[in-house]
*Asks:* 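Below are the structure tokens for one structure; questions will follow.
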Amino acid sequence: MKRLIYIATTILLFLNTLTNVIAQSPNRTSWFEEARFGMFIHWGLYSAAEGIWKGENLRYLNNYAEWIRYRNRISKDEYGELAKRFVWDKINPEEWVIQAKKAGMKYIIMTSKHHDGVAIWDTKIGNYSLSKLAGVNRDVIKELADACRKHNMKLGFYYSHWIDWEHPYAWDHNLELTKSVSQEQFNTYWQEKAIPQLRELLTSYGDIAVMWFDMWIPYEQTIFKKEQLQQAVNLIRELQPNCLINSRLGLPTDAEFVDFQTLGDNVFASEYIDHPWETPGTIAHSWGYSSYEKEWKSTSQIFESLISNVSLNGGLTLNIGPRADGQIPHESQTRLNDIGKWLSNYGEALYGAKGTPLRAKNFDWGYLTLKKDNNKSSIYAHIFNWPLDKKLRLTGIKSNPSSIYSMNGGELQKLNFVKKGLILHIDLPIDPTDNFVSLLKLEFNQNVDFDTDIVAESSFGGFALSSKNVFNKKDHEILPYNGKKPSHIISKGQDLTWHIDIPESGEYFIDVSAHNSTKTTIPIKIMIGDKSIEGLIKPNGLMVVEPNENNYTEEFVDTRIGSLKITKPTKIKVVFQSAADQALWLNRIWINKY
Ligand code: GLC
């Protein structure tokens, strides 16, 4: 009987944990999915090297200044000397928090220990910490945690759990050559340094919102054992049940182990991702401060990264690399302040917003984000390129908006619009309302329905049908653009299909951009609705891509196939067929009004 009760209790406990995991996960990540924009801080011993060692710049192609100890083969002792360069009376982590607030960021991820193995906090595990090396009584992590609490900012820690160049048994990429660390030895590092340090970080600084690990390949390809990573997960779940874990821990994104996916460095999504995710991004090239940094991104580029990610349901964790006196580079400050100013006016379009199910990069003027509030919905059109004809063409929304506004700073200006089938034509004010990204707000008194197959109308009108928006994509071999040939489809006599919604009656011409590498003309057929148009693609030659470099490619030219009279606006299926046995390289079909 006792045994039965024991088994029943165990099963109940197990079920309870299981439902907790499933029920808890949406709550645990909901703040992160609301936040969308956070600050990454790369600051450590390497910041004082500024990308230069003994008069020599960082070696090899990847100029990540925080890798200097490894790349320039610096000894542990000499590297430690960098601690003397820190200007402690100027270092004030509260300034980083204030800057993050000003930028409209909702969380901070601070490097607590990077690959160099130096603890930025006052660790009791060993003596390899910034304060001990510098001989000062400062715990920058504590100062940052206090400032975050004061300014109501969520705080997370980056912790390099895999690579640690200080510990003799941790991972170092040169082990690929020497293989001189065994799994048992690695486990010594894990049990004696990493796990106890994680415990310190999780118990000494209040609520920790995120533990951000950094291993960019799955654990099966590394020295790690799954149990070791599981141990870190258990520790975090036990000590900080609300703390999120990112996928660079080395385990797949699911609620049990990992709460959100971290894409590659500066890799922005190309399609909608259904679970929580972020891109870690830089304003410059390097994460840690580099004195010769030249690759500052423009503010518009950063807006594009942030907004396109939110339009695909993700977020951006944007890095600053302060100097060893704590100062944030001026270039970073100006960009962050511009973004913050914009977010103070238009934040509602990003915070808590999701993507729409429409095809990624559907519009040539910008991006859409979506917000639901009970039965009401809002769609925000983020306009990067203000159409010269003052008409915003927005394809794919089935539902009718109740009203559309231009969001001019804090003021809403009602706009006129017409809805023709699946296409909205919105009359824009004369000038863009913002120097970076102008915003429209479309209000709906219901949930919004979308048509995800329809091809978007281009700015100034017209429809470009290509491999990017072909409906029956999976039936075809579609080769990616290789920098020479335009994006194309090799047609093997099968059907290529698109759906378009013609907004106005009138006569429409059809141009086919294709390449025929044979010596004879190739007959093609386009069926538009119930009409069939036949045409011929003449043989094409080559064109010079770069003069004097023997760099040639196939020429793609437009052939006018014919025209089509539309008497009433309708949704139409377009089918393309090539009648020849030979492959025809189709670039795009262009349909527009005369
Ligand atoms: C890479 C680099 C590292 C940087 C990180 C940020 O993993 O090794 O230096 O901290 O990306 O995403």
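Just so you know, ligand 1 is whichever comes first in the structure, and atom 1 is the first atom listed for that ligand. The figures here come from the full heavy-atom set of this structure, side chains too, leaving out hydrogens, waters and symmetry mates.
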*Asks:* Tell me every residue that passes salt bridge (Lys or Arg N to Asp or Glu O under 4.0 Å) with E238, counting only those two or more places apart in sequence or in another chain.
*Replies:*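 Not a single residue meets the salt bridge (Lys or Arg N to Asp or Glu O under 4.0 Å) criterion with E238.
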*Asks:* Only pairs at least two apart or in different chains count here, so list each salt bridge (charged side-chain N to carboxylate O under 4.0 Å, His left out) that has a residue in residues 311-328.
*Replies:*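 Counting only pairs at least two positions apart or across chains, the salt bridge (charged side-chain N to carboxylate O under 4.0 Å, His left out) contacts touching residues 311-328 are E50-R323, K90-D325.
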*Asks:* Any ion pair linking K150 and E94 (charged N to carboxylate O, less than 4.0 Å)?
*Replies:* yes
*Asks:* Near ligand 1, which residues have a heavy atom under 4.0 Å away from one of its atoms?
*Replies:*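 Near ligand 1, by chain and number: H42, Y64, E66, W67, H114, H115, Y158, W212, D214, W216, R248, D265, P280, W287.
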*Asks:* Checking D116 now: which residues fulfil salt bridge (Lys or Arg N to Asp or Glu O under 4.0 Å) with it, not counting sequence neighbours?
*Replies:*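 With neighbours one apart ignored, the set is empty.
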*Asks:* For Y158 and H114, test the side chains for any donor-to-acceptor distance below 3.5 angstrom and give the result as yes or no.
*Replies:*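 Distance-only check passes for Y158 and H114.
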*Asks:* Does a salt bridge link D207 with R149, judged by any charged N lying under 4.0 Å from a carboxylate O?
*Replies:*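 So D207 does not pair with R149 through a salt bridge.
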